[in-house]
Every structure is written in C-alpha cells, then in structure tokens.
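Taking it in order: structure first as structure tokens, then the write-up.
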Amino acid sequence: KPKGKIKWKTKSAKKWNGEFSVDAREFQFMALKGGVDDSELHPHEDKVDKKETWSVSFVQIAASRPPGQRRVSDITGEGKPIEVFNKALVATKEFVKGTKPKYIYFSAKEPSRMKLYNLMVKKLASGAGFKIINASQGNYLLQNKRHR
C-alpha cells in the first residue's frame, strides 16, 4: 500500500516538484505540463493535446553535491525498488488530486523497471480514474476519464 511523505517544493499550474527519501537515498518527483513531443505520444499524437499533457518523472538525486548543485541520476539498482515506487506513486496520486491532469505521460528506460511501471499504470488507472491509452515499449500515456 503506497505511503510516505512528499516534501513539495513547487506546486503550480505548469510544474509540480517534490522530494522523498528511501533510507539515505533522496529522490525527486517532477511533473511538467506541455513538455512532451510527438515522438513520445506516437502513435496517438493526433488524438492527444500536447499542451494538456503532463510529463511525469522521478529520479535519484546525487547526494555527493551540496544543495543547489545536486545533479540527478537514473535510479540505480541500489535496492528497495518497491519502496521507491510506492513513494513515487504517493507523489503521483497527490499530484493528480491537486492538478486533475487531462493526460499523463511517463517512460521507463530499463526492462526491469517496466514491470513496476506496468503495475503503477494499472494502479493509477483503477484508483485515480485514468484510462490507459498507450503502455508499450516503455512509453506510458494515460487519459483522465473525467476529461472527455
């Protein structure tokens, strides 16, 4: 069951940015409105309004740098993927509740992560009222059922 606290830095009409941690590792959740392109929406680019699509991502923050200079890195195989995804799901649900996005897009690079993304997509679809438009080759596009 998803649980955890998200420290929100930005909540605006075009950007949501927050941080969460799993043990000593820090992660950043980011949602940006209107930042997707046709290739990411393919083959649905003609049916989906890019300006109404939020691109969602979460990455591990490299802790070796001082705040303000911290770079993000891909989530590495450092363990506890379920806890990381649970907190990412908490952040996503809070974001969805706060913005009521028409479309959500996100992608997974590694095949190992795609299994967890598939699970997350199903949870979002059933629990937050979304319809899955695309879930192939690591690209995920969801439409809010309340927006028609």
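Index from 1, following the sequence. The basis for the numbers below is simple: all heavy atoms, side chains too, and nothing from hydrogens, waters or symmetry mates.
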**Message:** Could you check whether any side-chain N or O of Ser21 sits under 3.5 Å from a backbone N or O of Ala24, counting only pairs where one atom can act as donor and the other as acceptor?
**Reply:** no
Contact summary for [X] and [Y], nearest pair of heavy atoms:
X      : Y      : answer
Pro101 : Trp54  : CB-CD1, 3.3 Å
Ile6   : Gly18  : CG2-CA, 4.3 Å
Met114 : Gln137 : CE-C, 4.4 Å
Glu52  : Lys102 : O-CB, 3.8 Å
Phe130 : Asn144 : CD2-N, 3.4 Å

same_hphob_cluster([X], [Y]) at 4.5 Å side-chain heavy-atom cutoff:
X      : Y      : value
Met30  : Leu142 : no
Leu119 : Val22  : no
Leu32  : Phe95  : no

Not counting sequence neighbours, which residues clear salt bridge (charged side-chain N to carboxylate O under 4.0 Å, His left out) with [X]? List them please.
X     : result
Asp38 : Lys50
Asp23 : Lys80
Glu45 : none

**Request:** Quick one: do Lys9 and Glu19 satisfy side chain to side chain contact (heavy atoms under 4.5 Å, CB included)? Show the steps, please.
**Result:** CA-CA 8 Å; Lys9 308 269 188 214; Glu19 294 181 357; 3.6 Å; yes
**Message:** Ser39: which residues meet the side chain to side chain donor-acceptor pair (under 3.5 Å) condition with it, sequence neighbours left out?
**Reply:** Asp37
**Item:** For Tyr117, all residues meeting side chain to side chain donor-acceptor pair (under 3.5 Å), sequence neighbours excluded
**Value:** none
**Complete:** Members sharing Val36's hydrophobic cluster, built from side-chain contacts under 4.5 Å between Ile, Leu, Val, Met, Phe, Trp and Tyr, are Leu41, Val48, Tyr103, Tyr105, Ile133, Leu141
**Request:** Enter the distance from Asn86:CG to Met120:CE here, rounded to the nearest 0.5 Å.
**Result:** 10.5 Å
**Item:** Value rounded to 0.5 Å, distance of CD in Gln143 from NZ in Lys47
**Value:** 11.0 Å
**Request:** Determine, using ring centers only, whether Tyr140 and Phe106 are less than 6.0 Å apart.
**Result:** yes
**Message:** Between Phe20 and Phe27 (judged by ring centroids, cut-off 6.0 Å), do the two rings come close enough to count as a pair?
**Reply:** yes
**Stepwise side chain to side chain contact (heavy atoms under 4.5 Å, CB included) check, Ile104 with Val96** = CA-CA 9 Å; Ile104 296 175; Val96 164; 3.6 Å; yes
**Asked** Does the side chain of Trp8 come under 3.5 Å of the side chain of Glu94 through a donor N or O and an acceptor N or O?
**Response** yes
**Message:** Regarding Asn139 and Glu40, do their side chains bring together a donor and an acceptor under 3.5 Å, going by distance alone?
**Reply:** no
State, with a plain yes or no, whether a side-chain heavy atom of [X] is found less than 4.5 Å away from one of [Y].
X      : Y     : result
Gln60  : Glu26 : no
Lys33  : Lys15 : no
Leu124 : Leu89 : yes

**Request:** Would you mind telling me which of Phe85, Phe29, Trp16 makes a ring-ring contact (aromatic ring centres under 6.0 Å, His included) with Phe58?
**Result:** Phe85
